[in-house]
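Here's the structure, in structure tokens; my notes come after.
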Amino acid sequence: MEYNHKEIESRWQQYWRDNNTYRAEINPDKKKFYVLDMFPYPSGAGLHVGHPLGYIASDIYSRYKRLQGFNVLHPMGYDAYGLPAEQYAIQTGQHPEKTTTENIARYRNQLDKIGFSFDWNREIRTCDPEYYKWTQWAFMQMFDHYYDLKADKALPISDLVAHFAANGTEGVTAACGKELNFSAAEWNAMTEKEQREVLMNYRIAYQGETMVNWCEALGTVLANDEVSEGVSVRGGHPVEQKVMNQWCLRVSAYAPRLLDDLNKLEWSESLKETQRNWIGRSEGAEMKFGVKDSDLQLEIFTTRADTIFGVTFMVLAPESEYVAQLTTPEQKEAVEAYLKEVSHKTERERQIDKRVSGVFTGSYAINPLTGKEIPVYVSDYVLAGYGTGAIMAVPAHDSRDYAFARHFNLPVIPLIEGADVSEESFDAKEGIMINSEGPELNLNGLQVKDAIAKTKKFIEEKGLGKVKVNYRLRDAIFSRQRYWGEPFPVYYKDGVPYLMDTEALPLLLPEVDSYLPTADGQPPLGRAKGWHTPEGYPIELCTMPGFAGSSAYYLRYMDPRNNEALVSKEADEYWQDVDLYVGGAEHATGHLIYSRFWNKFLYDLGLVVKDEPFRKLVNQGMIQGRSNFVYRIKDTNTFVSHGLKDNYDVTPIRVDINLVSNDILDTDGFRAWRPDFKDAEFILEDGKYHCGYAVEKMSKSMFNVVNPDDIVERYGADTLRLYEMFLGPLEQSKPWDTNGIDGVNRFLKKLVGLFSKTDPEDNTPMSKEVRKSVHKLIKKVTQDIENFSFNTSVAAFMIALNELTALKSTNREAMETITILLAPFAPHLAEEFWHQLGHDSSVADAKWPEWDENALKEDTVKYPVSFNGKSRFVIEAPADATPKQVEDMALTNPAAAKWIEGKTVKKVIVVPGKIVNIVVG
RNA sequence: GCAGAAAUGGUGGAAUGGUAGACACGAGGGACUUAAAAUCCCUUGGCCUUUAUCGGCUGUGUGGGUUCGAGUCCCACUUUCUGUACCA
């Protein structure tokens with residue numbers, strides 16, 4: 001029988017569409033299971049074979065759960081706002097919406113061919129007003145709430161206003177940008193504008209002067225996770241630090257919860273660790289140092305309070321407010337010159353330039369424990385954004401301070417017994433303290449750990465400072481000076497921002513004549529006509545960043561067409577959270593933090609029932625490209641085969657992988673590929689031209705992109721699905737290599753052949769051997785799916801087929817069981833088989849089989865017999881034989897004599913069902 | 001620097017502490033065919049022995065350890081990949 005994959009696949013895809021087979025509805029009688037993929041950004045390049053890897057895995061799991069009787073929610077949509085569409089719009093003048101819509105149509109077309117069980121009725125797009133209405137709405141909620149540290153949750157800003165009116169800041173426990181103190185009377189005397197400015201320090205979505213990553217080339221600010229090694233992740237443009245007034249989200253207030261709740265999640269240890277590092281909790285102390293001839297208190301953060309006797313200087317970040325306050329008139333010129341120099345450097349230049357630089361402010365701080373005067377410097381190795389932007393420098397025990405001290409000839413005082421600081425600092429937090437005795441505190445002889453504790457206690461008692469936990473996690477910058485994003489539902493009155501009415505939502509993205517910034521440097525929305533409220537108040541010109549739309553999309557899928565709420569109470573209570581989330585690990589410090597934050601905020605407001613959005617997370621590996629090379633002999637048009645290239649002086653040239661099959665070049669095709677190669681000559685091996693290969697990123701410029709459409713066209717979606725899973729462990733990165741796909745395709749063809757011989761009317765029971773084979777498969781496939789070990793389950797199908805072929809079995813019951821097991825992997829073919837066997841309904845409504853352990857039991861057990869751990873031969877014992885009987889069988893076996901001869905048997909170990917090991921000597 | 005993961009044939013990769021290399025690709029040989037494709041059968045970690053079987057030795061990055069027995073557990077090291085970094 002012929003395996004016509006095109007006909008079979010299009011027919012069943014149509015059947016699923018016609019019957020709404022994968023539509024999900026709330027059904028209180030069934031247990032829910034929510035399987036989610038990270039929705040794609042629809043880029044202009046379309047899908048390559050790497051993109052569907054995770055979708056196939058999640059689809060297998062969804063179909064499997066459904067067969068097990070769960071009510072499965074498995075939606076898909078598009079993360080449609082983003083920089084590439086806008087960059088393209090700038091170049092071509094086309095509206096990003098147009099290109100985005102086109103790209104989405106292309107993605108959909110490609111996805112449909114692979115036969116996913118998505119419920120497309122629930123599709124969402126982040127750029128759809130019906131969707132971004134709720135992104136804007138969530139922003140408004142954040143604007144209207146503050147974080148209460150005592151309640152440890154977000155509370156309405158109106159509570160805070162009431163508190164201020166009654167008590168001022170007295171007794172307020174709110175996460176706040178800066179320390180504020182005022183009385184109720186002072187509050188009540190403020191103008192509305194002043195009050196709003198004060199509140200801005202408390203809002204969860206707030207506007208503030210912050211140090212931002214400014215990317216000149218993109219004309220916008222970027223979040224920390226959008227910058228890597230000083231350049232933008234998208235495009236690789238340089239990024240510099242700049243102070244700007246921006247919208248921010250107070251993610252930092254959630255840092256402790258984001259950290260602690262990681263423990264609840266079934267995520268990979270490495271991903272959780274990445275988030276822990278990103279959140280970056282460190283316990284330390286904030287301490288105040290007096291300043292000579294001044295009332296100023298210099299506040300610093302340190303995790304090494306114990307090293308206070310070794311402080312020989314202080315350092316301020318260039319952007320620190322203290323710099324202006326501490327610079328003496330004599331040093332003013334030098335400091336300003338230094339600040340100017342530093343501000344011209346981009347983030348990247350600062351990172352690359354490891355040279356020590358800095359300047360003396362002219363001021364001296366007073367060490368509170370020794371009373372000694374210590375100089376205060378400015379240097380860019382201290383970061384304004386972390387701690388207080390000022391440090392106490394302990395050169396003996398910090399390598400950065402050490403380098404600085406050596407450069408400026410500052411004293412180095414060792415504080416730990418046996419530490420040699422003549423060449424480098426001793427950074428380890430262990431050892432016995434020395435040189436640490438002052439009038440009020442003596443740390444000498446203590447272990448570092450105890451010294452830290454003792455010092456912390458001391459400074460708290462003396463009011464010199466307080467114990468503090470610091471987090472590296474920054475507030476998220478939420479403004480983008482861009483067009484293609486969600487507009488802020490915010491207008492400005494008297495220079496301060498006000499929220500629009502919720503009735504104004506969705507606030508539609510206006511048309512503009514160009515997607516570039518305005519002549520006076522305003523964002524593109526500055527070009528929009530009528531971009532003001534009916535009263536004439538101007539509307540915010542920035543738009544929201546990419547992560548805004550992707551932070552709560554999983555909630556919207558639960559109830560995508562709801563016009564009254566982000567998600568209804570009913571839908572949220574039924575679907576709750578994502579049971580399985582599949583996607584790339586590259587979102588560890590971006591989307592996966594923001595989503596958790598966003599969800600916790602909505603949880604605080606009582607709008608969602610779960611405080612974590614993604615219960616289990618699986619990261620699929622990246623599929624890399626496999627580029628092929630030909631080798632041109634220098635200054636000729638002659639190409640030499642890979643095995644012979646070392647005999648010549650050659651230049652490797654990438655060749656389009658479509659001209660190569662199993663690393664053998666289609667030489668005629670190559671000549672036709674490009675005019676330069678028209679007259680190419682080849683030096684062959686065994687009559688063939690063998691290409692070399694390398695594993696690289698899959699990209700057009702490397703000629704190594706494999707389009708899933710081509711694979712589906714040639715082999716069918718079922719083959720693609722099985723092969724992608726067969727490629728290797730899901731979580732591992734691996735190169736795409738089309739070479740092995742024939743094996744999988746062959747397997748399906750053989751299966752089709754076997755089914756064609758199966759009689760749908762056959763009612764004979766399975767033979768013992770067939771039954772064993774089938775139940776072995778049920779067990780293996782079930783366990784493998786649970787463990788996301790899809791590659792081994794595909795292998796198990798192949799083994800089962802080989803066994804059934806060897807047994808010459810076409811038993812109907814066996815084939816029916818295999819069909820159900822196959823349904824998650826190769827749904828089209830399974831559907832075809834299912835109907836062939838006489839069923840009218842979809843195989844998706846079948847029941848997942850259970851295995852019978854008894855069917856797997858053998859009458860006899862094979863025991864490998866080892867001597868001193870080395871296996872020598874195999875004996876077959878009855879399954880019910882006692883260990884003693886097995887031992888006797890092993891020892892009396894004729895083959896044993898050879899290994900025992902001339903030696904004594906010291907010990908015999910029989911592990912029932914496993915092995916016999918005989919120790920001789 | 002720090003953190004995490006990994007290292008097994010020509011290749012992708014299998015192996016609850018119990019006969020390492022399942023399954024697949026590739027390669028070699030054979031059958032069918034006028035021929036090719038497709039299909040089917042056999043061989044395939046390395047080395048040695050044998051006409052062939054039978055058989056032996058060796059083998060999971062390196063060095064130790066635990067164990068009757070280690071690819072698997074423990075310690076140290078090497079290399080690779082990923083993430084992150086003047087975070088005080």
Side-chain angles (χ1 to χ4, degrees), chain A residues 228-229 268-278 280-282 284 300-304 307 315 317 350-351 353-354 356 379-383 385-394 397-401 403-404 427 470-474 585-586 588-589 619 621-622 626 662-664 686 693 695 722-723 726-729 731-744 746-747 749-750 753 783 789 791-802 862-874 898 906-911 913-921:
Chain A
S228 177
E229 295 181 352
S268 73
E269 207 39 56
S270 70
L271 200 111
K272 285 201 252 186
E273 199 57 31
T274 303
Q275 287 213 346
R276 284 190 195 108
N277 291 338
W278 190 260
R281 182 181 197 274
S282 63
I300 59 98
F301 176 76
T302 182
T303 55
R304 292 294 301 275
T307 59
V315 189
R350 268 210 208 185
Q351 279 182 14
D353 191 358
K354 298 278 183 194
V356 176
S379 174
D380 66 354
Y381 84 88
V382 174
L383 303 178
Y386 187 76
T388 61
I391 62 155
M392 62 177 215
V394 185
H397 303 287
D398 183 289
S399 51
R400 295 154 302 175
D401 296 345
F404 194 86
D427 290 17
N470 229 315
Y471 293 90
R472 198 184 81 102
L473 185 69
R474 303 262 73 88
E586 67 274 16
T589 55
N619 296 119
M622 200 106 81
R626 190 178 184 282
N662 285 338
D663 289 337
I664 307 293
D686 334 314
Y693 75 89
V695 174
L722 269 129
Y723 185 57
F726 189 63
L727 221 44
E731 310 213 359
Q732 201 173 297
S733 284
K734 57 234 162 197
W736 176 268
D737 183 355
T738 309
N739 289 347
I741 200 166
D742 289 314
V744 170
R746 222 167 273 157
F747 157 72
K749 283 184 189 163
K750 285 184 203 166
Q783 291 178 343
S789 177
N791 55 331
T792 50
S793 40
V794 175
F797 279 112
M798 295 181 180
I799 294 167
L801 175 71
N802 290 343
K862 284 184 177 147
Y863 284 90
V865 179
S866 334
F867 289 84
N868 296 342
K870 180 93 196 147
S871 290
R872 296 301 176 183
F873 59 92
V874 178
K898 185 174 163 189
K906 289 184 173 167
K907 199 180 339 172
V908 180
I909 294 120
V910 177
V911 184
K914 295 281 187 190
I915 201 166
V916 182
N917 191 17
I918 299 165
V919 185
V920 291

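Side chains included, hydrogens not; waters and symmetry mates left out as well; all remaining heavy atoms used.
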Gap between atom CG of Leu801(A) and atom CZ of Arg746(A) - 0.5 Å precision: 13.0 Å

Rounded distance in Å between the P positions of C87(B) and C73(B): 34 Å

Distance in Å, Arg872(A) CZ paired with Lys898(A) NZ, rounded so as to fall on 0.5 Å steps: 8.0 Å

From CA spacing to verdict: side-chain contact (heavy atoms from CB on, under 4.5 Å), Phe726(A), Ile741(A): CA-CA 9 Å; Phe726(A) 189 63; Ile741(A) 200 166; over 6 Å; no

Sugar-phosphate, base or nothing in reach of Glu586(A), heavy atoms under 4.0 Å: nothing

Whole-angstrom distance between U33(B) and A24(B), as gauged at atom C1': 28 Å

Nearest listed nucleotide, side chain of Lys749(A), among U39(B), G13(B), C40(B): U39(B)

N/O (side chain, Arg746(A)) to phosphate O (OP1/OP2, C25(B)) under 4.0 Å: yes

Pair assignment for RNA chain B - dot-bracket with | for other-strand partners, Watson-Crick or G-U under 3.5 Å: (((((((..(((.....[....)))((((((.......))))))((((......))))..(((((..]....))))))))))))....

Candidate nucleotides A88(B), G4(B), A24(B), ranked by approach to the side chain of Phe726(A) - the nearest: A24(B)

Heavy-atom closest pair, residues Ser866(A) and Ile915(A): OG-CD1, 3.4 Å

Value in whole Å for how far the P atom of A70(B) lies from CG of Asn868(A): 11 Å

Syn/anti state for G9(B) [syn: chi within 90° of 0]: syn

Pairwise P distance, U50(B) and G63(B) [rounded to whole Å]: 32 Å

Value in whole Å for how far the P atom of A88(B) lies from CZ of Phe301(A): 7 Å

P atoms of U8(B) and C81(B), separation to the nearest Å: 14 Å

Set of salt bridge (Lys or Arg N to Asp or Glu O under 4.0 Å) partners for Arg400(A), sequence neighbours left out: Asp398(A)

Trp278(A), nearest nucleotide to its side chain (from C23(B), A3(B), U84(B)): U84(B)

Contact nearer the 5' end of RNA chain B, comparing Ile909(A) with Lys898(A): Lys898(A)

Sugar-phosphate only, base, or nothing, as touched by Ser866(A) at under 4.0 Å among non-hydrogen atoms: nothing

Protein-nucleotide distance (Lys734(A), atom NZ; A14(B), atom P), rounded to Å: 10 Å

Sugar-phosphate, base or nothing in reach of Pro735(A), heavy atoms under 4.0 Å: nothing

Atom pair NZ/CG of Lys734(A) and Leu727(A) - distance to nearest 0.5 Å: 6.0 Å

Phosphate contact (U84(B) OP1 or OP2) by Arg276(A) side-chain N/O below 4.0 Å: no

Nucleotide C86(B), atom P - distance to CZ of Arg304(A) in whole Å: 20 Å

P-based separation of A36(B) from A22(B) [nearest Å]: 31 Å

Separation between the C1' atoms of A76(B) and A88(B), rounded to whole Å: 32 Å

Side chain of Ser282(A) (C-beta onward), nearest among G55(B), A88(B), U84(B): A88(B)

Residue Thr274(A), side-chain heavy atoms: nucleotide from G83(B), G13(B), C87(B) that is nearest: G83(B)

Which nucleotide in C68(B), C86(B), A22(B) has an atom nearest any side-chain atom of Ala795(A): A22(B)

Straight-line distance of Glu269(A) CD to Thr274(A) OG1, nearest 0.5 Å: 10.0 Å

Residue Tyr381(A), side-chain heavy atoms: nucleotide from G56(B), U19(B), C86(B) that is nearest: C86(B)

Point-to-point distance, once rounded to the nearest 0.5 Å, from CE of Met798(A) to CZ of Phe747(A): 6.0 Å

Touch class at under 4.0 angstrom, heavy-atom based, for Asn802(A) against every strand present: sugar-phosphate

Residue of the set Val744(A), Asp742(A), Thr738(A), Val794(A) for which side-chain contact (heavy atoms from CB on, under 4.5 Å) holds with Tyr723(A): Val744(A)

Sugar-phosphate, base or nothing in reach of Asn791(A), heavy atoms under 4.0 Å: sugar-phosphate

Side chain of Lys750(A) - closest among C86(B), C25(B), C40(B): C40(B)

d(CZ, Arg474(A); C1', C87(B)) in whole Å: 9 Å

Partner residues of Ser282(A) under the side-chain hydrogen bond (donor to acceptor under 3.5 Å, both in side chains) criterion, sequence neighbours left out: Tyr386(A)

Nucleotide of C68(B), U19(B), A24(B) approaching Met798(A) most closely (side-chain heavy atoms): A24(B)

Inter-nucleotide P distance (U79(B), A85(B)), Å rounded: 24 Å

Sugar-phosphate, base or nothing in reach of Lys272(A), heavy atoms under 4.0 Å: nothing

Gap separating the CD atom of Glu273(A) from the CZ atom of Arg276(A), nearest 0.5 angstrom: 5.0 Å

Atom-to-atom span, CZ of Arg872(A) to C1' of C57(B) - whole angstrom: 10 Å

Sugar-phosphate, base or nothing in reach of Ile799(A), heavy atoms under 4.0 Å: sugar-phosphate

Sugar-phosphate only, base, or nothing, as touched by Ile391(A) at under 4.0 Å among non-hydrogen atoms: base

Spacing between Asn917(A) atom CG and G18(B) atom P, to the nearest angstrom: 13 Å

Whole-Å distance separating the CD atom of Gln732(A) from the P atom of G12(B): 10 Å

Nearest-nucleotide 5' precedence on RNA chain B, Met392(A) against Val744(A): Val744(A)

C1' spacing across the pair A27(B) / G45(B), given as an integer number of angstrom: 14 Å

Sugar-phosphate only, base, or nothing, as touched by Val911(A) at under 4.0 Å among non-hydrogen atoms: base

